[in-house]
Amino acid sequence: MDLFSSVLNCDLHCHSICSDGLLPADAVARRAAANGVDLLALTDHDSLDGLHAARAAADALGMTFINGVEISIEWGGLQIHILGFNFDAADAALNGGLAAIRSGRIARAQRMAADLERVGIHGTFAGAMGFAANPSLISRSHFARHLIESGVCKDMRSVFEAYLIPGRPGYVEHRWATLADSLSWIHQAGGIAAVAHPGRYRLSRGDMRRFLAEFRDLGGEAIEVMSGSHTPEHIEVYARLAKEYGFLASRGSDFHGPNESYVDLGRLPSLPDGLQPVWQAF
Ligand code: AMP
Ligand code: MN
Ligand code: MN
Ligand code: MN
């Protein structure tokens, strides 16, 4: 495939049941192909489990597939997500690092459930686990689905706002990997690193610039300019910052499942003109 074509439909950010998505990895790949995606990366949170099945399904349909992952890190007290692309999925440092992140998730979920008990919401650990096909990837999304199903909140937006973001009763501080860890794992495995959905973080402009400079100085290559969670203003701001910092630009829906995600696989607008697509480096 000609990765320099400007008309490629690339979707480099999505999830399967191996983390907090709603579809099996092979079904994600089939849905992407049906939606006209030319190049897909599956980027489950902190897990490489779905890559094999997604690749096999993509191969069967003639869609190009590259390995991906979305790594949870902590920077400046915030949870930030770093995407890794096109790495060797057998790399020991990357697999060891991701296993270390996963090992903290169950204890964190127990603390979240204990916090929710204190505000009178019972049984959320078991409830959230009921939604987690992969218990080692238990996440806030699974708590959210349980709290909606049990009638505590009406939708994803309100459940995060009421219970699952900093300052709310179900949110607990957690130590994830560092920015330097995530970049060294991705790079040791031969991959390329991108900042996921930069518009989503509650960073001041100055702190965002400090973060991007640190990411660049540690060898980070790309930022997600087109994301399912970006507003038109975010797209403008991050297109400008990509040019200023010399970052490659990425495009990803962040699809988690039908009826839950704002944007379906492959259904984002194209990258703005004047940016260098990250897939040209694959
Ligand atoms: P965790 O990795 O357990 O902290 O869970 C984070 C996940 O929750 C993200 O990957 C998203 O899928 C989801 N999420 C985070 N914030 C929101 C939000 N405001 N609305 C909907 N989903 C969210
Ligand atoms: Mn997620
Ligand atoms: Mn994310
Ligand atoms: Mn994501």
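Order of appearance sets the numbers: ligands from 1, and atoms from 1 within every ligand. In this chain, residues are counted from 1 in sequence order.
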R140, E173, R175 screened by side-chain contact (heavy atoms from CB on, under 4.5 Å) with R108, the one that passes: R140

Identity and separation of the nearest protein heavy atom to atom 23 (C) of ligand 1: F160 CZ, 3.2 Å

Salt bridge D20-R145, side-chain N to carboxylate O under 4.0 Å: no

Close side-chain approach of L248 to P277, heavy-atom, < 4.5 Å: no

Pair R30 + D26, salt bridge at N-O below 4.0 Å: yes

Residues that R240 engages under side chain to side chain donor-acceptor pair (under 3.5 Å), provided they are two or more places apart: none

N or O pair under 3.5 Å between S72 and ligand 1: no

For Q79, atoms of ligand 1 separated by under 4.0 Å from a heavy atom: 1 (P), 2 (O), 4 (O)

Geometry at the Mn ion (ligand 2) - D20 OD2 versus H45 NE2 angle, rounded to 10 degrees: 100°

Protein contact of atom 6 (C) of ligand 1 - nearest heavy atom, named by residue and atom, plus distance: R140 NH2, 3.6 Å

Backbone or side-chain N/O/S of E70 under 2.8 Å of the Mn ion (ligand 3): yes

Over 12 foreign heavy atoms within 6.0 Å of CD, Q110: yes

Side chain, backbone, both or neither: the part of E161 lying under 4.0 Å from ligand 1 by heavy atom: neither

Co-membership, hydrophobic cluster, residues L218 and L83, 4.5 Å side-chain: yes

Validation row: I82, W185 side chains within 4.5 angstrom (heavy atoms): no

Atom 2 (O) of ligand 1: the protein heavy-atom neighbour that sits closest, reported with distance to 0.1 Å: R105 NH2, 3.0 Å

H256 N/O to ligand 1 N/O under 3.5 Å: yes

Whether H13 has an N, O or S atom under 2.8 Å from the Mn ion (ligand 3): no

Presence of N, O or S from H256 under 2.8 Å of the Mn ion (ligand 2): yes

Location of contacts on H45 toward ligand 1, heavy atoms closer than 4.0 Å: side chain

Test of proximity, S141 against ligand 1: N or O pairs below 3.5 Å: yes

Option passing ring pair (Phe, Tyr, Trp, His ring centres under 6.0 Å) with H15 (candidates H256, H142, H81): H256

The Mn ion (ligand 3) - name of the N/O/S atom of H81 that sits closest to it: ND1

Flag side-chain contact, heavy atom, 4.5 Å: Y238 against E224: no

Proximity to ligand 1 by part of I165, non-hydrogen separation under 4.0 Å: neither

Whether H142 lies under 4.0 Å from ligand 1, heavy atom: no

Shortest reach to atom 4 (O) of ligand 1 by a heavy atom, considering only H15, R108, M156, H174: R108

Which segment of M112 sits under 4.0 Å of ligand 1 when only heavy atoms are counted: neither

Aromatic ring proximity, centroids under 6.0 angstrom, F247 and F215: yes

